[in-house]
Structures are given as structure tokens and as C-alpha cells.
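Just so it is clear: chains get the letters A, B, ... in the order the sequence lines come, proteins before strands, and each one is counted from 1. What's counted below: heavy atoms across the whole structure, side chains too, no hydrogens, waters or symmetry copies.
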Amino acid sequence: MSVPILHTENLSIGYPMRKEPPVVVAQNIAVGLQPGELVCLLGPNGAGKSTLMRTLAGMQTPLHGRIRLNQQDLSALTARELARQLSVVLTEPINAGMLTGWELVSLGRHPYTNWSGNLTAVDETAVNQAITAVGATNLAHRHVNTLSDGERQKIMIARALAQEPAIMLLDEPTAFLDLPRRVEIMHILRQLARNAQCAVLLSTHDLDLALRNADKIWLLPKGGRLQVGTPEELVLNGSFEAAFRADGVQFDPHTGSFKMAVQSAGQVDLVGEGLSALWTKRALERVGYAVHDGANGSAMRIQVVAEEGEGRTQWHLVKPQQTTTHRSLADLVHDIQQTSSPQNSA
Amino acid sequence: MQHVTTETETAVSPPNRQRLTMSLLVLALVGAFLLSLFIGSVRIPLDEILGILVGVTPERETWATIVLKFRLPKAVTAVLAGSALSVSGLQMQTMFRNPLADPFVLGINSGASLGVALVVLAVGTTGGTLLAGFGFLSDFGIVVAASLGAGLVLLLVLGVARRVETMTLLILGLMFGYATSALVSVLLYFSIAERIQAYIAWTFGSFGGVTWSQMQVMAPTVLLGLAIAWLSAKPLNALLLGETYAQSLGLSVRRARLAVLVSASLMSGAITAFCGPIGFVGIAVPHLCRSLFSTSNHRQLIPATILMGGIVALLADLLAQLPGSQITLPLNAVTALFGAPVVTWVILRQRNLRSSFAG
């Protein structure tokens with residue numbers, strides 16, 4: 001195990017109050033970040049993800065304990081020293097609409113330039129490399145206000161990278177983005193962690209992406225203790241389920257995602273393969289059926305028959321008395337609901 | 001790859017178009033300066049004016065007096081005032097992240113106007129014999145009163161700025177402005193007509209009242225403010241991202257804010273003390289420059305606002321004299337009356353006010 005770039009010792013985070021005892025958000029946090037690893041901070045709203053991020057970024061003082069960055073106490077560093085080792089991407093709005101992408105990224109050189117902000121050849125190379133690394137060369141010339149949310153986020157990440165940090169902290173970098181953009185940003189961050197040997201910590205609500213991409217997950221349950229592990233470990237030992245437990249929502253360890261706890265409408269077997277079968281299962285689960293793969297002896301059975309070539313799918317619904325055939329999923333769902341509702345079966 | 005490098009390298013230095021615009025602004029400033037020396041009630045040939053400036057004795061003795069004692073200090077004052085107000089307006093707009101901010105949001109001019117009102121209205125009313133010495137009072141007393149008022153507010157602002165957030169400071173400045181204008185209203189209400197007129201005349205603003213000896217105070221103050229402003233270009237760029245980001249970039253936000261406040265207040269305070277509260281230039285010129293250069297980069301905006309501010313102030317002063325007539329309009333009326341449509345047009349045409357202050 002290599003030495004962590006950043007680690008915390010007995011850290012408590014929260015807000016000091018004037019007259020009352022401080023509001024403690026989380027305590028006894030002992031975590032570390034290794035170079036080259038991508039860590040996702042997950043937890044329900046209000047658990048203190050942002051507080052933890054802000055505290056690690058040196059923007060908020062810890063209530064107790066210490067944060068050590070490259071063997072130095074975080075609180076002992078000047079803002080400029082800190083900025084050369086740690087950069088952030090926040091959810092705050094920026095007023096830099098009339099800067100070009102290149103100029104915005106070049107602000108990342110702030111901790112390295114002299115009083116006038118003059119960029120040396122070294123600075124310019126760093127800016128160009130950062131822009132190339134996030135795949136934003138086509139955005140360098142454009143004004144920031146002409147960029148889409150996803151494009152702006154890329155530029156902001158390039159700016160954080162131009163600081164040449166040992167650690168990059170990102171607060172919900174994929175919020176407000178559509179799925180392809182979220183996947184892209186996550187991919188970029190993974191690449192950065194590997195190639196720049198920089199530790200990347202991001203908070204996110206994107207469970208699926210986090211489970212698939214993170215080297216490690218920090219799980220912060222509400223009022224609980226921060227748990228650290230690989231995504232797979234945390235799923236298997238039930239930590240996920242515990243952290244996100246709430247009324248009406250369940251974490252499904254089979255799929256690694258959440259599902260609504262719909263009242264069970266019945267049991268059904270599903271026979272079939274491929275995408276059609278997968279989405280048939282989703283449709284049935286959505287309306288509350290427990291779906292079993294293969295023939296398991298439930299009262300109803302569905303056979304998915306995909307016709308090669310034409311790309312059309314048929315569904316055979318085998319009921320105790322009869323078998324019906326449907327050409328669309330909607331018809332199938334309608335029929336199965338009709339069949340199992342009490343009025344009809346009576 | 002070759003494509004990539006060329007694309008990013010052109011973005012490194014300001015594009016040629018911006019350099020060209022900057023050069024044109026320099027030429028325009030020189031032109032406007034000469035024009036303001038040339039135009040006036042007495043017609044003096046341009047070559048004679050240039051001669052006077054380099055120390056050649058002109059055809060007529062009075063021409064030298066007119067140019068050196070009246071037109072030159074006035075033109076210099078206009079350039080300094082326009083630059084100072086525009087730069088401090090730019091600083092305030094960026095620091096408060098507010099397109100409506102101007103050099104006076106902190107209440108600097110309110111302090112100055114209260115000082116002037118106290119001297120012109122209150123002191124004048126109580127000491128009746130002072131009427132005789134009114135000439136002295138209007139020349140020198142007003143400047144001292146306005147400086148004291150502006151300086152007091154500056155100290156107040158700096159004292160408060162340590163403790164409160166930037167947005168709170170903006171609101172405090174506004175509230176202070178309301179309070180002082182209320183006090184001025186009370187003073188006006190109990191004053192005699194002549195005094196009221198003297199006060200109103202001050203509020204019209206003028207570049208013509210600054211003598212060379214006063215210039216020895218005003219010019220260094222303004223230049224000091226401009227120097228600090230130039231030092232603040234880098235922090236201001238970082239502040240475009242908001243204070244939290246700026247801090248994460250290694251900026252000491254508190255120190256940067258202090259530098260910006262001192263610089264902006266020195267400049268707006270000095271100009272208000274010597275020229276009266278000159279509105280509009282400080283809010284309009286930064287927008288004009290953002291449009292013209294289509295950038296928010298302060299390393300370009302600060303020189304641009306210095307030049308543009310000077311040009312706008314010189315032109316406003318020329319227009320106020322209504323060339324060809326004997327009438328002189330109040331300066332503040334001219335800056336707003338002629339400037340507002342121009343700026344409105346520029347901003348509406350480019351629609352980038354929104355983009356500079358959002359996103």
C-alpha cells in the first residue's frame with residue numbers, strides 16, 4: 001500500500017455555533033486518498049457530503065481532528081500553497097461568460113503566476129495539456145456562455161487540472177447533465193486519475209456510475225459513520241442498503257440500483273433471452289410483479305419470442321386456462337393486469 | 001495535432017482584433033484631448049495650441065493663458081475623472097457580481113455630498129458673514145468638505161469590510177446612501193435659495209473647477225488608485241468565478257477585496273471631491289468595453305476602461321459646452337442624456353450583459 005496523499009485523523013466535521021454546542025455532521029472520520037485513484041463519495045441528501053468536501057478542501061475548519069496533505073497539516077498551508085496541491089470543482093455559478101474556454105482554464109494557473117497574472121510558456125503548456133486531457137480543444141476558443149452544461153463542466157475540470165493538483169475534489173460534477181454526458185465526465189475523471197496520478201474525489205448521487213467506475217467508495221449515511229470500501233464490498237456487506245434505507249425505496253443488490261418498493265401484484269415466470277426479455281422484466285417489475293427467470297411454476301408464464309430479421313417481438317402469456325399472444329409490451333402489461341385483478345379472477 | 005496547437009496558441013495572446021481596437025482607442029483619446037483643447041469660446045489655431053503645449057510663445061499672450069490655465073487642466077481633469085470612475089465602476093461590478101454597481105455603491109459620493117451640504121448649507125446659514133467669503137468657500141472649502149466626507153465613508157467601509165460578507169457590504173452602502181441623502185434633504189429644506197443653488201450646482205458636476213494646485217492632489221491620488229487597480233487585475237479575474245473558487249485558486253479574498261475597495265474609493269472619492277458626483281460614466285464604460293472587446297478578462301478590460309473612460313468624459317465635456325453657443329449644460333445631464341441611448345444600443349445589440357453576469 002502506497003502512502004496516501006491526503007489522510008484524516010479522527011476528523012469531526014460540522015458547524016460551530018455561537019452559544020450552543022457545535023452541530024456535528026459526522027465524526028471519527030479516518031480516510032485516505034491514494035494517488036491515481038478515483039473515489040466517489042455517496043450518501044443521502046443531508047448526510048454531510050458537501051460539508052466533508054468543503055472541510056477536506058480547507059474551506060471549512062474541522063471541529064476536531066486533523067487533515068494531513070503530503071505529511072503537512074492542511075491548516076498550516078497558505079491559500080497559495082494549498083491551491084498548488086488541491087483543486088476543486090463546485091456547483092457554484094460563475095460570472096465568467098465573456099471569457100473564452102482557454103482563458104477560463106488559464107485561471108487555473110493563478111497559484112503559479114506572478115502578481116500580474118502573466119502566463120509563462122510553462123503555464124501555457126499546462127493550460128493546453130489540461131484542455132487536451134479533457135477533450136475540450138474544440139471549446140478553447142468559444143465564450144463560456146455559449147457552452148452547454150456538459151461542455152462548461154469539461155472546461156471547469158480542465159481548469160482544476162491546470163492547477164496541477166495532487167488531489168482534485170469535485171462536488172456533484174455530473175448534476176444537471178444528461179446520461180451520455182455523465183458517463184463522459186466520469187470517464188474523463190477516471191482517465192485523469194490514472195494518467196495524471198492525481199487522486200480524484202467526487203460526490204455524486206449517480207449510484208450506478210459510481211459503482212461501475214470508482215476504485216473506492218466513501219459511503220456517508222445520515223448521522224452515521226463514514227464507511228470505506230470497494231463498491232463490490234459495500235454492496236455485498238449490506239452497507240448500501242443500510243445507508244439509503246428509506247420508506248418506499250429499496251436498494252437492489254442484484255442490479256446495483258434503487259427501485260420503488262411497489263406492492264407486489266403477483267408472481268410471474270419469464271422465459272426468453274436478450275434485450276427484449278430484459279426490458280419485459282423491467283416493465284413487469286415497474287407495475288409490481290415479482291419476475292422469476294425461467295419456468296419456476298408460477299401461475300402465469302411469459303414467453304418472449306424475438307423474430308429474427310424482422311426485429312419484431314411476440315409475447316405469449318400462458319395463463320392457467322388459456323394462452324394469449326401480444327405484439328406490444330403495452331398490450332401484454334394491460335392483459336396481465338386485467339388477468340390478475342380480483343374482479344376478473346373472481 | 002498541428003491543428004490543435006494553432007487553435008490554442010491564438011487564444012494565448014489577445015486576438016489581433018482586440019489589439020487593433022485598443023490602438024484605435026488610444027488614437028481616439030489623443031484626438032478627443034486635442035479637440036477639447038481646440039474647441040472653446042475663443043478660437044485658437046491648432047498649431048498654436050500645439051506650440052503652447054511645448055512652450056513656444058504664441059501670437060497672442062492671452063491664448064497661452066486660455067490654453068494653459070483653463071483648457072489644459074480641464075482636459076486633464078476630464079481624462080483622469082473618466083478613467084478613474086470607469087475603472088472603479090468595473091471593479092465594483094466584478095466584486096459585487098452586479099451589472100448595476102457603479103463607483104458610488106459604497107456610499108463614497110453620499111459621504112462627499114453630505115460634507116459639501118454641511119459646508120454650503122449649514123455653515124453658510126449659521127455664519128451670515130461668511131457670505132462675503134463665499135468665493136473661497138466654493139473653491140476650496142467644498143473640496144475639503146467633500147474629501148473629508150468621502151474619506152470618512154472610506155474608513156467606515158474598510159472598517160466594516162473586515163467583518164461582513166461582500167453582499168452585506170453592498171446593502172450597507174445602499175442604506176448609507178439613503179441615510180445621507182435624507183440628511184441632505186433636511187439641510188436643503190432649511191436653507192435659503194442661494195445656498196441651495198450653490199449645492200445643486202455642485203451636484204451637476206464639472207471638470208472646469210480644478211486648478212493646477214488642486215491637480216497636485218487629485219492626479220497623484222487617482223494615479224495611485226489606478227496603479228492599485230492594475231495590480232488587482234489578476235484577483236478580479238479569479239473573482240469572476242466567485243469568492244469560493246477564487247479562494248481555491250490561492251487568492252486571499254480578504255486582501256484582494258481590501259485592495260479593490262481602497263483603489264475604487266480613492267479614485268471615486270478624489271473625483272467626487274474635485275468634480276462633484278459624476279454619474280453614468282462609471283456604470284456605462286465598463287459595459288461598453290465588455291461589448292467592444294467581448295471579454296471579461298480584466299487584463300484587457302482595465303486598460304480599455306482607462307482609455308474609453310477618458311474619451312467618454314472628454315466628449316461629454318465638449319457636448320456640455322454646446323460648441324457654437326454661449327450656453328453650458330450641466331455635465332451630469334450630458335453624460336446621461338447622450339450616453340444612455342448609446343450604451344442601451346450597444347448592450348441590446350450584443351446581448352452580452354446577461355452572459356457576463358450569469359453562467
Taking atom OH of Y15(A) as the centre, does the number of heavy atoms from other residues, nucleotides or ligands within less than 6.0 Å exceed 12? yes

Identify which of T113(A), L104(A), T78(A) forms the greatest number of heavy-atom pairs closer than 4.5 Å to chain B. T113(A)

With chain B, which of V127(A), L147(A), L86(A), V88(A) has the greatest number of heavy-atom pairs at distances under 4.5 Å? V88(A)

Which atom names give the shortest non-hydrogen contact between T295(B) and L99(A), and what distance separates them? OG1-CD2, 4.4 Å

Identify which part of N118(A) has an atom lying under 4.5 Å from any heavy atom of chain B, answering side chain, backbone, both or neither. both

Between D123(A) and chain B, with a heavy-atom cut-off of 4.5 Å, which part of the residue counts as in contact: side chain, backbone, both or neither? neither

Nearest heavy atoms of G117(A) and R299(B), plus distance in Å: C-NH1, 3.6 Å

Compare every heavy atom of A83(A) with every heavy atom of S248(B), then report the nearest pair and how far apart it is. O-CB, 3.3 Å

Heavy-atom count check: over 12 atoms from other residues, nucleotides or ligands less than 6.0 Å from R80(A) CZ? yes

Intermediate values then yes/no, side chain to side chain contact (heavy atoms under 4.5 Å, CB included), R159(A) and L249(B): CA-CA 10 Å; R159(A) 185 204 54 83; L249(B) 285 169; 3.4 Å; yes

Would you say that L240(B) contacts I94(A) through its side chain, given a criterion of any heavy-atom pair below 4.5 Å between the two side chains? no

Please evaluate residues L241(B) and L90(A) with respect to the criterion side chain to side chain contact (heavy atoms under 4.5 Å, CB included), reporting the C-alpha separation (whole Å), side-chain torsions for both, the decisive distance (0.1 Å), and the verdict. CA-CA 10 Å; L241(B) 300 179; L90(A) 308 165; over 6 Å; no

What I want to check is whether the side chains of K234(B) and S116(A) have a donor and an acceptor closer together than 3.5 Å. no

With a 4.5 Å heavy-atom cut-off, do Y245(B) and H110(A) have their side chains touching? no

Tell me, yes or no, whether the heavy-atom count around H64(A) atom NE2, taken from other residues, nucleotides or ligands under 6.0 Å, exceeds 12. no

Rounded to the nearest 0.5 angstrom, the NE2-OG distance for H143(A) and S294(B) is 4.0 Å

Please classify the contact of L251(B) with chain A as side chain, backbone, both or neither, using a heavy-atom distance under 4.5 Å. both

Give a yes or no on this: more than 12 heavy atoms of other residues, nucleotides or ligands lie within 6.0 Å of atom NE2 of H187(A). no

Is the closest side-chain heavy-atom distance between Q300(B) and E103(A) below 4.5 Å? yes

Any idea which of R109(A), M156(A), E92(A), R54(A) has the most non-hydrogen atom pairs under 4.5 angstrom with chain B? E92(A)

So with a 6.0 Å cut-off around CZ of R255(B), is the heavy-atom count from everything else above 12? no

